[in-house]
Amino acid sequence: MRYIIIGAGAVGGAIGGRLFDSGHEVVLVARGAHLDALREHGLRLRLADRERQLRIPAVEGPAELTARDDDVLVLGVKTQDTPAVLDTWGAYGYGTGTGSRAGAGPAVVCAQNGVENERLALRRFADVYGMCVWLPASFLEPGVVSALCAPLTGMLHLGRYPSGSDPTVRAIAADLADAGFAAPVTEDVMAWKYAKLLGNLVNAADAVLGPDEDARRELAARARAEGVAALDAAGIPYIGAEQQARTRGDRVESSQAKHSSTWQSLARGTGSIESDYLNGEIVLLGRRFGVPTPVNEALRHAANRAARERRAPGELTAEERAELLGAGN
């Protein structure tokens with residue numbers, strides 16, 4: 001298989017780098033200063049026990065590639081960028097292939113937070129796979145990705161969307177296991193992704209509150225309680241915290257300080273943020289099923305405002321902070 005990593009940031013860079021370093025064929029897709037750095041120096045991948053400078057082929061888009069039957073598109077962009085990616089790549093690989101894959105287009109793996117990407121991808125591609133990403137990593141400098149967990153770099157639950165498994169996803173999982181990840185194949189990957197969604201509700205608090213750990217923890221607990229109530233009201237299954245902890249065990253551990261992907265978006269000044277598809281997903285479900293979600297709405301609003309105004313992490317006024325901490329009280 002050839003893995004085309006669309007969005008070679010923290011998660012995409014770590015997955016692509018580890019696959020390439022273990023002997024698999026990889027192409028990284030990036031833009032701007034990050035693409036320039038990848039082309040000039042390669043990807044610098046910092047791991048728990050070593051650092052690798054990897055000369056991985058890097059492109060800006062599909063025009064630079066010739067489609068192959070064994071291509072796997074791995075989406076590593078934030079959800080707000082997925083529609084543009086699908087517009088760019090939506091015709092890639094059609095009209096090629098033989099046998100059962102003739103005309104089907106490439107397999108697409110959504111290595112992304114939230115639960116909307118798979119639905120968007122399935123409009124364009126026949127074979128879509130969800131990936132629940134437990135992979136603490138950071139991307140704050142062009143050409144450099146840090147993924148410092150050990151003994152495994154991360155845990156990546158995989159399954160066909162909306163459910164099930166097949167030989168393709170099992171082959172992808174085997175390659176990821178070869179590259180230093182736990183990659184369990186599950187028949188209901190979205191139950192894992194909804195569980196991850198509940199964990200990601202803290203991301204906005206991490207980004208906008210800064211180093212105030214007590215306030216962050218208290219706000220995150222309230223956001224999660226709203227999330228659980230909304231999922232339960234909608235009848236959406238998710239994996240419980242105890243099962244998650246048993247599954248992960250001590251296989252994905254890091255002694256390094258970690259910041260969420262939302263925090264990293266603010267730190268890089270990207271101008272956009274994924275909170276509409278994390279906290280906003282709970283707000284959406286709450287409105288549909290009659291569950292109040294004021295904390296998630298306040299977090300969504302605060303994170304979007306910070307991104308829009310290109311504020312640094314934790315850069316709230318006293319009035320904004322008081323308003324956020326008082327949400328729902």
Side-chain angles (χ1 to χ4, degrees), residues 7 10-11 75-82 109-122 128-137 154-159 161-163 184 186-208 216-217 219-245 247-248 252 258-265 272-289 291-304:
V11 168
L75 305 190
V77 300
K78 301 294 190 295
T79 306
Q80 69 268 22
D81 298 320
T82 296
V109 177
C110 297
Q112 300 160 285
N113 287 333
V115 293
E116 183 66 15
N117 299 286
E118 290 81 3
R119 291 183 70 250
L120 294 171
L122 200 61
V128 174
Y129 303 88
M131 176 186 285
C132 179
V133 178
W134 285 343
L135 173 50
M155 181 170 287
L156 310 171
H157 282 79
L158 291 153
Y161 180 78
S163 62
T186 174
E187 296 292 312
D188 189 7
V189 70
M190 297 311 293
W192 288 94
K193 295 202 73 165
Y194 273 103
K196 179 74 185 303
L197 173 66
L198 291 174
N200 285 142
L201 299 180
V202 70
N203 289 16
D206 173 55
V208 301
R216 185 197 66 80
R217 186 182 299 111
L219 201 60
R222 291 163 56 199
R224 180 184 173 86
E226 290 181 359
V228 167
L231 293 184
D232 288 348
I236 295 173
Y238 54 92
I239 304 300
E242 289 186 5
Q243 184 176 347
Q244 292 181 66
T247 302
R248 190 183 313 179
V252 184
K258 298 184 288 292
H259 286 294
S260 70
S261 56
T262 305
W263 186 97
Q264 293 179 48
S265 291
S272 70
I273 212 158
E274 61 185 336
S275 298
D276 281 345
Y277 299 96
L278 301 178
N279 305 90
E281 182 70 26
I282 298 306
V283 173
L284 171 63
L285 290 173
R287 289 170 178 166
R288 287 184 60 199
F289 295 97
V291 176
T293 59
V295 174
N296 281 284
E297 173 62 17
L299 284 168
R300 186 197 68 81
H301 177 69
N304 278 324

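Keep in mind that the numbers below use all heavy atoms, side chains included, and drop hydrogens, waters and symmetry copies. Just so you know, residue 1 is the first one in the sequence shown, and it goes up from there. In this text, all values refer to a predicted model and were calculated from it rather than measured experimentally.
Inter-residue side-chain proximity for Asn117 and Val128 is flagged as unmet; no heavy-atom pair is nearer than 4.5 Å. Proximity of Cys132 to Leu156: side-chain heavy atoms (C-beta onward) are nowhere separated by under 4.5 Å. Contact of the Leu219 side chain with the Val202 side chain is not registered, since no non-hydrogen atoms from C-beta on lie closer than 4.5 Å. Counting heavy atoms from C-beta on, the side chains of Trp263 and Asn203 never come closer than 4.5 Å. The shortest distance between side-chain heavy atoms of Met155 and Thr247 falls below 4.5 Å. The shortest distance between side-chain heavy atoms of Arg119 and Tyr161 falls below 4.5 Å.
Considering every non-hydrogen atom in both Leu201 and Gly227, the closest pair reads CD1-CA, 4.1 Å. Of all the heavy atoms in Val189 and Met131, the pair that sits closest is CG2-N, 4.3 Å. Nearest heavy atoms, Thr262 versus Ser275: CG2-OG, 4.0 Å. When all heavy atoms of Ala10 and Gln264 are compared, the closest pair comes out as CB-OE1, 4.2 Å. Nearest heavy atoms, Met190 versus Glu118: CE-OE1, 3.9 Å. Across all their heavy atoms, Ser272 and Gln80 have their closest contact at OG-NE2, 3.3 Å.
Going from atom NE2 of His259 over to atom CG of Asp206 covers 6.5 Å, rounded to the nearest 0.5 Å. Between atom OH of residue Tyr129 and atom CG of residue Leu75 there is a gap of 13.5 Å, rounded to the nearest 0.5 Å. A distance of 15.0 Å separates OH in Tyr277 from CD1 in Ile282, rounded to the nearest 0.5 Å. For the atom pair Gln244 CD and His157 NE2, the distance stands at 8.5 Å (nearest 0.5 Å).
In this structure, the side-chain hydrogen bond (donor to acceptor under 3.5 Å, both in side chains) partners of Ser261, at least two apart in sequence or on a different chain, are Glu274. Residues satisfying the side-chain contact (heavy atoms from CB on, under 4.5 Å) test with Tyr238, not counting sequence neighbours, are Tyr194, Ala195, Leu198, Val228, Leu231, Asp232.
At distances below 3.5 Å, at least one donor-acceptor pair connects side-chain atoms of Lys196 with backbone N or O atoms of Val133. Glu187 places no side-chain N or O within 3.5 Å of a backbone atom of Gly159 that could act as its donor or acceptor partner.
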- request: Given side-chain hydrogen bond (donor to acceptor under 3.5 Å, both in side chains), test Asp188 with Ser163 step by step and report yes or no.
  value: CA-CA 5 Å; Asp188 189 7; Ser163 62; over 6 Å; no
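Environment of CZ in Arg217: crowded, with over 12 heavy atoms of neighbouring residues, nucleotides or ligands closer than 6.0 Å.
Ring planes of Trp192 and Trp134: perpendicular class, angle over 60° (limits at 30 and 60°).
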Acceptor/donor pairs from residues 291-303 side chains to any protein atom, 3.5 angstrom cut, sequence neighbours excluded:
residue, atom, partner, partner atom, Å
Asn296, OD1, Asn279, ND2, 2.9
Asn296, ND2, Ala223, O, 3.1
Asn296, ND2, Glu226, OE1, 2.8
Glu297, OE1, Arg300, NE, 3.2
Glu297, OE2, Arg300, NH2, 3.0
Arg300, NH1, Asp276, OD1, 2.9

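The residue from Thr79, Val115, Ile273, Asn113 that alone fulfils the side chain to side chain contact (heavy atoms under 4.5 Å, CB included) condition with Leu278 is Asn113.
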